[in-house]
Amino acid sequence: MFDINLAPMLAQYYVGDQYRDTGWFGVLFTLMIALFVLFNIARAGKGKDLYIRRIPGLNAIDEAVGRATEMGRPVLMVPGLSDSVNAIVVQALNIFSYVSRIAARFSNPILLCCYNAAIYTVAQEMIRDVYQQEGLGDRFDPDSVRFISDRQFAFAAGVSGLILREQTAATFFLGDFYAESLIFAETANSIGAIQVASSTQPTQTPFFIAACDYVLIGDEFYAASAYLTRAPVLVGSLVGQDWAKLLMMSTIAVGSILGSFLMGPFSQKMISEEKVAGEYKPTKGFDEQPGPRPVKMEDTIIHQLLTPAPKGDVKVKREPDPDAPAPTDAAAPAGGGE
Amino acid sequence: MNLDLLAQAATPPSFWNAPHGSTELWTKIIIAFVVGIAFIFALMAAPHKMRRPVVAFFTFISGLYYVLYYVWPVPVAKEPGTLPLNAAENVGFWLTDALPVVAKFSNVLSGFLLGLGIFSLLRVHGRRLFKMQKDWFFSLVLILSILLMVVVGYWDWYTRLDPKTSSKLQDPANWTSINVARDFVFDGMLQQMDAAMFSLIAFYILSAAYRAFRVRSIEATILLATALIVILSLMGAVEYLWGSGVASMFGFHDTVLADGTKQTAAEAMTAANSFGGNFTLTSIRGWIQSTVQTPSIRAIDWGIGIGALAMGLRLWLSLERTSGGNS
Amino acid sequence: MDPELLLKIKMGVGVLATVGLYSVLYRENKFYRFWEHMFLGLAAGWAIVALWTESLHDDWYVKIVGNAPEAGSTAPTTPGYWAYVLLLPIGIMGYFVFSRKHNWLSRIPIGIILGLWSGQQVQVWFNRYGPQMADSIKPILPTTSSFFRPGTVGMSPTDAAAANSQVYVSDAITNIIFLITLLSAVSYFLFSVEMKNKFLKNMTVLGRMLLMVGFGAIFGSTVMMRFTLLIDRMYFIFIEFLKNGLFGGT
Amino acid sequence: MAKVERSLGEKLQSLPKPVLYTILILVTSIPQFFPVPLPNKESKSSEDVFNLLTTIPEDQPVLIGSDWTNSTRGESGGLFKSMIRILMRRNIKFAIYTTADPQAPQVAKDVIRLLNEERKANNQKPYEVWTDWVSVGYFANPEGTANSINNNVRAAFADKKSPDAAGAMKPVMDSPVLANVKQVSDFSALVLVTASNTSNVTIERVTKTKLAMMVTGVMGPETQVYYESGQLKGLAIGLKGCYDLETMMAKKWPGKEYVNMDNGAKYYPTLHLALLLLILAVVAGNVGMFMTRKRTVQRGS
């Protein structure tokens with residue numbers, strides 16, 4: 001009874017696999033979010049100043065570095081344990097370049113521990129830039145940005161060793177942290193270092209909360225550099241992200257309310273046709289015999305939009321390829337996908 | 001151009017491939033490499049204002065693949081050895097075929113960078129060793145163990161190169177001393193250290209909980225309370241006692257069923273799908289997890305997901321200051 | 001060497017390493033430092049080995065030079081695809097990071113890696129979050145006036161099915177709590193919305209509280225694993241090594 | 001009097017770490033010498049895994065992702081063993097691949113070798129590599145692999161080899177296990193035993209077959225989300241999940257020739273004591289805090 005299948009409108013045989021049934025909605029939704037972000041970046045670029053709420057953990061940064069300077073002990077930073085460079089690492093490094101800028105001004109030693117060579121490359125680059133921008137290029141010690149190990153627990157051992165030997169006064173753990181989060185946090189805590197931490201892994205946040213002074217929860221981490229630098233691009237994108245969240249929230253709110261009314265309320269509405277794998281089939285009643293059954297959430301439009309279930313067995317007639325490879329490898333048009 | 005060119009199908013010889021071990025192949029490889037190096041020099045000579053666009057270009061192109069793969073209609077029910085229906089689907093064919101190839105790129109590239117990391121390690125520790133600074137001995141240990149692992153690792157790998165021997169070496173009985181050595185260094189030492197470090201967390205969790213779980217603020221109390229409920233529910237014995245307690249409260253008793261099987265009060269309660277069933281520790285935990293924990297994690301996850309997507313866009317289009325040329 | 005003895009030595013070293021790394025619990029000491037550096041060394045060494053043997057050799061080298069079929073294998077000779085070699089110069093660009101003049105070149109390989117990653121985000125986003133959104137849509141109004149789901153024991157399957165198909169008032173309340181948690185928690189992460197009005201402010205506060213519930217639950221269920229690993233370690237030291245190893249299972 | 005109370009209160013709040021740690025070591029080691037059976041109540045998600053494994057058709061192979069190594073053998077090892085035992089009892093063929101760690105395949109092989117010895121000991125037919133099960137091996141890139149498994153599994157596994165019954169290396173796809181596998185939906189299920197984030201990677205990309213997971217306790221909560229949303233058909237979490245499976249196996253296969261109780265039964269009792277210690281520590285801390293707090297109140301009044 002709720003049909004929003006685009007397939008018939010498009011050519012029968014050539015709808016992209018991902019667009020079949022309600023698949024198009026996912027693509028649309030993603031593109032919409034992208035649009036929100038880009039639009040707001042453009043908007044902010046036009047010099048429209050946008051509001052950002054206060055993020056407590058970040059005000060602590062200056063304090064932490066300041067304290068390290070008083071004690072003349074180094075500031076230690078870890079941009080997480082991502083397998084390679086990705087947005088999370090870059091984001092962490094953005095914050096760290098802010099930190100090391102302050103450190104550089106106070107000519108306070110820094111230590112940046114990298115989990116793999118790619119991260120090391122980016123970090124070297126970015127931190128040196130910071131020192132050069134501050135006109136302190138000669139003060140930059142390449143060894144202050146180090147590759148420790150690309151093996152999770154070797155890394156953990158190495159970093160905690162460093163923390164204990166260098167007696168770091170302030171530590172920043174921002175990015176992808178897994179099991180080792182607590183090793184770092186407790187070690188640093190045991191020597192009384194000020195800690196600002198955040199993990200993009202929800203499962204690690206509680207441990208940081210238990211052991212660190214300031215914790216950025218969830219995507220406060222992503223908001224951080226926008227908050228610190230107020231760069232239009234970042235602020236704009238942050239607003240766009242909020243729009244996206246609002247979109248998701250309203251989708252769910254509206255979905256729930258509509259759904260509840262379609263299902264009842266206070267009495268069960270029945271249907272006699274349900275959509276199975278993109279096709280409408282008569283329903284089974286409680287007695288497993290064909291017959292009407294109560295409406296479920298799965299029958300509502302929004303639910304079907306969010307979970308496409310394209311028809312399984314589709315055949316498309318295509319010409320055989322004259323110079324097709326031998327049958328044994330015909331199964332492997334694209335090699336093994338290691 | 002055809003993205004399929006990199007794919008490993010046994011396609012007939014073309015400009016893009018050449019028979020295994022042929023001189024043709026090696027000439028092509030060498031030429032390609034030389035061209036690549038020449039390209040580097042060209043870039044080095046490039047004017048300053050070119051830099052940002054160049055980097056942005058490479059970033060954009062590589063991101064473009066997955067975006068296209070996502071939005072470009074994927075061929076429906078694509079069978080091997082068939083021709084595309086039309087131009088649009090032809091592109092779809094390329095994209096699908098190229099996926100496993102492109103998927104390798106970031107691995108290979110980050111692989112090539114490893115040398116930088118090792119260089120950093122050796123520089124820090126090498127200096128300490130040669131200047132005989134404090135802890136030089138440990139730097140020596142580090143460098144020696146690098147060498148040890150490299151030698152043993154590669155040697156062992158080499159012995160396994162030949163498929164015949166490698167299948168023979170599946171069974172430890174046929175191991176030569178080098179295989180044993182590798183096993184000793186890798187399983188006996190490296191992996192043991194992994195496990196040791198990993199299990200170290202248990203100690204920290206204890207001290208952290210002891211220090212942090214105080215009924216100070218409302219937030220701390222909430223944290224503590226939920227944690228305790230979950231922990232209790234994980235203790236099967238406690239759960240069991242609690243369950244039977246609740247069951248008897250709701251008037252269920254241990255019974256023997258018609259077929260002679262024993263049924264505990266708790267099981268009876270579950271079987272009866274009674275209201276009391278909501279008060280077993282597992283149910284309470286389940287309720288908390290599915291009613292409060294699931295949505296709160298989801299909330300965090302969504303924020304992070306959108307953040308990643310947005311950041312991804314900024315990097316892909318080089319809107320971020322850091323990803324592109326001028327800093 | 002006698003394999004039995006070798007095995008015992010191997011375990012012994014494992015135990016030593018464990019004790020050495022545990023010793024940091026007391027304080028940072030030379031023994032720990034020794035094992036730490038050995039750990040780092042072996043790990044780095046292994047990275048160098050694995051780089052070729054487990055990644056580049058198959059994913060890159062063999063693709064370039066192709067390979068011949070082995071005896072008894074049905075696989076055909078795969079030709080070499082020389083174009084893969086172009087990845088090497090790109091990788092080399094990364095090494096310019098230390099050059100004062102041309103360090104920008106190192107941004108090219110990084111840019112490519114970042115580009116690929118970013119593209120993937122677009123590709124996977126909805127697969128990951130679409131179903132989650134769908135699942136978060138829940139009936140918030142009951143379909144019946146009775147408060148609790150009744151016990152279904154003794155009912156005919158048909159009646160039981162009918163009974164279970166209802167949304168009871170208690171279910172509705174649970175769903176409402178679920179939605180409140182989700183929405184308030186998400187609203188906690190709205191950064192650009194000024195929480196002027198009281199309702200919104202309270203909502204974010206509530207959101208933070210409910211997040212804490214989630215964190216508590218996570219902490220609880222994590223404890224289990226951490227302790228299990230420790231127990232497993234202890235099993236290795238005391239049972240496998242001491243009891244069964246040294247004292248031959250007596 | 002007040003003196004004693006204060007000192008006690010503050011003592012309770014500040015037990016020296018070494019003391020805590022020593023107690024923990026004792027608590028986690030000593031009980032292991034005296035294992036005791038424990039009552040248990042299976043959790044729903046583990047039951048689903050068990051039901052899935054015990055109901056899937058016997059003529060279809062199962063695809064197993066084995067993304068764990070010895071560093072998490074305490075949990076993953078037990079879960080993996082239980083699953084393999086069930087499959088072996090039902091004579092279901094299986095293929096094992098990994099995207100997490102190059103060592104994972106070897107670890108998995110070792111477990112299977114042990115289980116085979118166990119079967120021989122109980123005079124059951126051992127599971128032969130190549131004919132009954134096959135190890136596809138290690139893939140360096142989780143995302144790409146998951147994508148191409150879902151997209152075209154034959155292609156994904158095409159250039160992987162395994163020794164056949166005679167010991168000659170052959171493409172895994174020629175093995176009796178995978179002979180009839182055209183696409184991933186020809187596997188009755190994909191069960192992922194993982195200790196790393198390959199869980200998300202797989203959920204995001206593999207959509208064309210039943211998906212079940214066995215994860216470590218720490219991953220429980222985040223993976224629970226996908227179980228709730230029905231993206232996972234079953235989920236066994238950590239040692240509890242392991243013990244759940246073992247108890248359910250013991251119910252289904254009570255026979256002496258079946259080994260049901262393993263890691264779960266070995267570690268679960270000790271886990272109780274460890275958790276108890278944690279609870280006591282927390283309680284002690286809070287009691288101490290209240291004692292001191294009371295004191296200050298008294299002084300204030």
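Two residues are said to be in side-chain contact when any heavy atoms from C-beta on lie closer than 4.5 Å; A:Gln124 and C:Phe98 meet this criterion. Side-chain atoms of A:Met263 and C:Val167, non-hydrogen and from C-beta on, do get closer than 4.5 Å to each other. Contact of the C:Tyr32 side chain with the A:Ser160 side chain is registered, since non-hydrogen atoms from C-beta on lie closer than 4.5 Å. Using a 4.5 Å heavy-atom threshold, the side chains of C:Phe219 and A:Ile209 count as separate. Residues C:Thr204 and A:Arg53 have side chains not in contact (no heavy-atom distance under 4.5 Å, counting atoms from C-beta outward). C:Phe191 has its side chain within reach of A:Asp219: a pair of non-hydrogen atoms, C-beta onward, lies under 4.5 Å apart. Taking the side chain as every heavy atom from C-beta outward, C:Ser165 and A:Arg293 never approach each other to under 4.5 Å. Taking 4.5 Å as the limit, every side-chain heavy atom of C:Gln123 sits out of range of all side-chain heavy atoms of A:Gln18.
For C:Leu116, no part lies under 4.5 angstrom from a heavy atom of chain A. Both the backbone and the side chain of C:Gln166 have a heavy atom closer than 4.5 Å to some heavy atom of chain A. Within the 4.5 angstrom heavy-atom criterion, no atom of A:Leu31 approaches chain C. At a 4.5 Å heavy-atom cutoff, C:Ser55 makes no contact with chain A through either its backbone or its side chain. C:Ser145 does not touch chain A: none of its heavy atoms, backbone or side chain, sits under 4.5 Å away. The part of C:Met212 that comes within reach of chain A is its side chain, from C-beta onward, which places non-hydrogen atoms under 4.5 angstrom from that chain. Using a 4.5 Å cut-off between heavy atoms, C:Trp35 does not touch chain A at all.
Pairing each heavy atom of C:Phe126 with each of A:Leu306, the nearest pair is CE2-O, 3.6 Å. A pairwise comparison of heavy atoms in C:Pro131 and A:Thr307 identifies CA-CG2, 4.2 Å as the closest pair. Shortest non-hydrogen contact noted between A:Glu125 and C:Arg107 is OE2-NH2, 3.2 Å. Here the shortest heavy-atom pairing between A:Met297 and C:Pro139 reads CE-N, 3.4 Å. A:Gly158 and C:Leu40 get closest at one heavy-atom pair: CA-CD1, 4.0 Å. Among all heavy-atom pairs drawn from A:Lys245 and C:Leu190, the shortest one is CB-CD2, 4.0 Å.
Chosen from A:Ala34, A:Ala179, A:Ala253, the residue pairing most often with chain C at heavy-atom distances under 4.5 Å is A:Ala179. Among the candidates A:Glu186, A:Glu220, A:Gln204, the residue making the largest number of heavy-atom pairs closer than 4.5 Å to chain C is A:Glu220. Of the listed residues (A:Gly255, A:Ser267, A:Gly259), the one with the most heavy-atom contacts under 4.5 Å to chain C is A:Ser267. Your options are A:Ala210, A:Gly264, A:Gly161, and the one with the most heavy-atom pairs under 4.5 Å with chain C is A:Gly161. Note: C:Met133 leads C:Met133, C:Arg33, C:His37, C:Arg226 in heavy-atom pairs under 4.5 Å with chain A. When each of C:Ser136, C:Pro142, C:Ala43 is checked for heavy-atom pairs under 4.5 Å with chain A, C:Pro142 comes out on top. If you tally non-hydrogen atom pairs under 4.5 Å between each of A:Ala223, A:Ala226, A:Pro294, A:Ser149 and chain C, the highest count goes to A:Ala223. Highest contact tally toward chain C, considering only A:Ile217, A:Thr205, A:Leu258, is held by A:Ile217 [criterion: heavy-atom pairs under 4.5 Å]. When each of C:Gly94, C:Ala134, C:Gly216 is scored by its heavy-atom pairs under 4.5 Å with chain A, the top score falls to C:Ala134.
A donor-acceptor distance shorter than 3.5 angstrom exists from the side chain of A:Ser260 to the backbone of C:Ile140, with no hydrogens or angles considered. Using modelled atom types, no side-chain atom of A:Asp287 and backbone atom of C:Thr158 make a donor-acceptor pair closer than 3.5 Å.
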Practice item. Would you sort out whether A:Arg151 and C:Leu42 count as a side chain to side chain contact (heavy atoms under 4.5 Å, CB included), showing the intermediate values? Key: CA-CA 10 Å; A:Arg151 195 176 182 83; C:Leu42 292 178; over 6 Å; no
Point to revise | Evaluation steps, side chain to side chain contact (heavy atoms under 4.5 Å, CB included), between A:Ile252 and C:Leu179 | key: CA-CA 8 Å; A:Ile252 288 158; C:Leu179 283 173; 3.5 Å; yes
**Study point:** Residue pair C:Ser192, A:Ile52: steps toward the side chain to side chain contact (heavy atoms under 4.5 Å, CB included) verdict
**Key:** CA-CA 5 Å; C:Ser192 62; A:Ile52 305 183; 5.7 Å; no
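Listed by chain and number, the residues in a side chain to side chain donor-acceptor pair (under 3.5 Å) with C:Gln121 amount to none (sequence neighbours excluded).
Among the residues in residues 17-31 of chain C, those with a non-hydrogen atom closer than 4.5 angstrom to a non-hydrogen atom of chain A are C:Val24, C:Glu28.
Counting non-hydrogen atoms of other residues, nucleotides and ligands closer than 6.0 Å to NZ of A:Lys284 gives a total of 12 or fewer.
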